[in-house]
Novice: 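One structure, as structure tokens, below. Some questions next.
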Amino acid sequence: MFALCDCNNFYASAERLFRPELNGKPVVVLSNNDGCVIARSEEAKACGIKMGDPEFLVRDLIKKFSIHVFSSNYVLYGDMSERVMHNLSRWFPRLDVYSIDEAFGWLGGIGNLDTYVPMVRNSVVQNTGIPVSIGVAPTKTLAKLANKLSKKCGGVMVLDTDEKISAAVKDFPVSDLWGVGRQYYKKFQELGITTAGELREMPEMWFKQHLTVMGQRMWNELWGRPAIPLDAVRENTKGITVSRSFRNYIEQPDILAEAVTLYASRLAEKLRREQLRCLYLQVFLYTNKNREDHPQHFPSYTHKLLLASNNTTDLVSIAVKVAQRLFKDGVKYRKAGVIATGLVPESELQLNVFAAHDSGKKDKVSAVLDKLNLAYGRGTLRMATEGFEKKWRLKHEYLSKGYTTRWPDIIKVI
Amino acid sequence: MIRTFEKRAEQKISGFQSPAADYLEGRLDITEKIVIDPHATFYFQMQGNTMAGYGICDGDILVIDRSLKPIEGAFVIAFVAGFFNCRLLLKDKQGFFLKNDSDIVRETEMEVLQIWGVVSSVCRNVLPKALRTGRYKDVCTL
């Protein structure tokens, strides 16, 4: 049996844990740069706020219903997620973390799920303060479905018999099924299929012909035959991206260099943490495509490194050079990013006959950088081109504190 | 708590191998005695002296373990009237109530008794002012 555990309105719940006065009140969390709504409490959903709504469009609703707004505080969410996952992992022989707020657990060898699963849920909710829902079923697709249904009945749903599964899929909308995107949904609509129950009544051959092997898997999964193993979804990292919008438009190459330095430094850090090196470094710039009165420019360039690298010095100097070459005068840039592709494990460095390699030295510098920043906090030691003012830094007006990660931010009690 | 790794720098021996090498144990770490379940532990700080009579003073760092069940006699963090409070949880014939040096709040006076967590220990800097300098300024305080 598989269990899908996920946190209800995770970001909003994490914010509310430290602001209990907001329990029962509408809360939304905005994306980076306070752009769009990325999480809503149940009350905010009832106010008519949709996922992905741009902040400026729902400003009136926010005012009207006095909805509480938060900027995304990933430091807090990251720590709370780790707590939830650790607590979950105590209860499952195997747990695969699927995203920041979701995990698949394997319940092999555990009997009496009807008492066990509620126990898991209670313990995790008590220890972390984050409400979670758990759906249990013989396949991942059904577990996902059970999880959706569980939110309306106390946070636990166990589908361990054929009768229970049939009852659950009967009225379940196909659009909410795991793995159904726009393409599949269109196909189902053409045939007049609206529920998962109707869908699984279709013959297997139809799935195979129209929806490839993925569809066939879905069919098997809906009938309770596991076709997606526990870790099948995880793929090797193909590329790592660091990109962010700026607070204001950037119109000077020096300022752009500052931003790109920071992104490339973060990218190098990420690569080192994953013990990977990259062969290609792509840099891209965006203008605001919604402003038709602005000159538009979406340049991108991929640089091939002579030697796969993950040290900050190399990546920053390349990224800055490329960014400055892409930059055009008189254009207002809104966003920039760096992408590392052609990833190779650190242990498999291939040398180049034509390149001199002193990167051993730079790698050592980067290692020192990582060590110092780990001990004294991120950004303690950084490249000077990052600048000091950082006017382009993200906007987060409604940022909450690092309640669980920074000493000065811990909660004061009276 | 399980000791996950030994926090000891590797010694590069240039002369004789230490006779203690086979007998090394991880050095004591105070968090083992303070944090029992790190994934359920949070830290709050006491502000003011309303709990001084119970030995919790202004500036003390409170260790909160959410996995514990709040029972009679426990110091708890409760959310009352819009504020986080540290209080002693007590019970009599009329039910649960929260107590500090100066006042008592009954469960019936609140809509719901919102207990956030149980205080498992208190950390305090006991240095005299003259010694609270440099690295020692923030011992068990902020």
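So that the names make sense, note that chain A is the first sequence line, chain B the second, and so on, each numbered from 1.
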Novice: Are Tyr98(A) and Phe104(A) an aromatic pair by the rule of ring centers under 6.0 Å?
Specialist: yes
Novice: Take the angle between the ring planes of His68(A) and Phe70(A) and call it parallel below 30°, perpendicular above 60°, tilted in between.
Specialist: tilted
Novice: Please flag which part of Val124(A) lies under 4.5 Å from any non-hydrogen atom of chain B: side chain, backbone, both or neither.
Specialist: neither
Novice: Side chain from CB out, backbone as N, CA, C, O: work out which of these in Tyr43(B) comes under 4.5 Å of a heavy atom of chain A, or both, or neither.
Specialist: both
Novice: Looking just at side-chain N and O atoms, do Ser71(A) and Asn73(A) make a donor-acceptor pair shorter than 3.5 Å?
Specialist: no
Novice: Under 4.5 Å heavy-atom distance to chain B, tell me which part of Pro20(A) shows up: side chain, backbone, both or neither.
Specialist: both
Novice: Between Lys270(A), Arg272(A), Arg382(A), Lys364(A), which is the residue that forms a salt bridge (Lys or Arg N to Asp or Glu O under 4.0 Å) with Asp370(A)?
Specialist: Arg272(A)
Novice: Look at the side chain of Arg16(A) and the backbone N and O of Ser41(A), then say whether any donor-acceptor pair between them is shorter than 3.5 Å.
Specialist: no
Novice: Side chain from CB out, backbone as N, CA, C, O: work out which of these in Ile61(B) comes under 4.5 Å of a heavy atom of chain A, or both, or neither.
Specialist: side chain
Novice: Which region of Asn23(A), side chain (C-beta onward) or backbone (N, CA, C, O), has a non-hydrogen atom less than 4.5 Å from a non-hydrogen atom of chain B, or is it both or neither?
Specialist: side chain
Novice: Heavy-atom distances under 4.5 Å only: say whether Thr50(B) touches chain A with side chain, backbone, both or neither.
Specialist: side chain
Novice: Describe, in one word, how the ring planes of Phe44(B) and Phe84(B) are oriented to each other, choosing from parallel (under 30°), tilted (30 to 60°) and perpendicular (over 60°).
Specialist: perpendicular
Novice: With a 4.5 angstrom heavy-atom cut-off, which part of Met85(A) approaches chain B: side chain, backbone, both or neither?
Specialist: neither
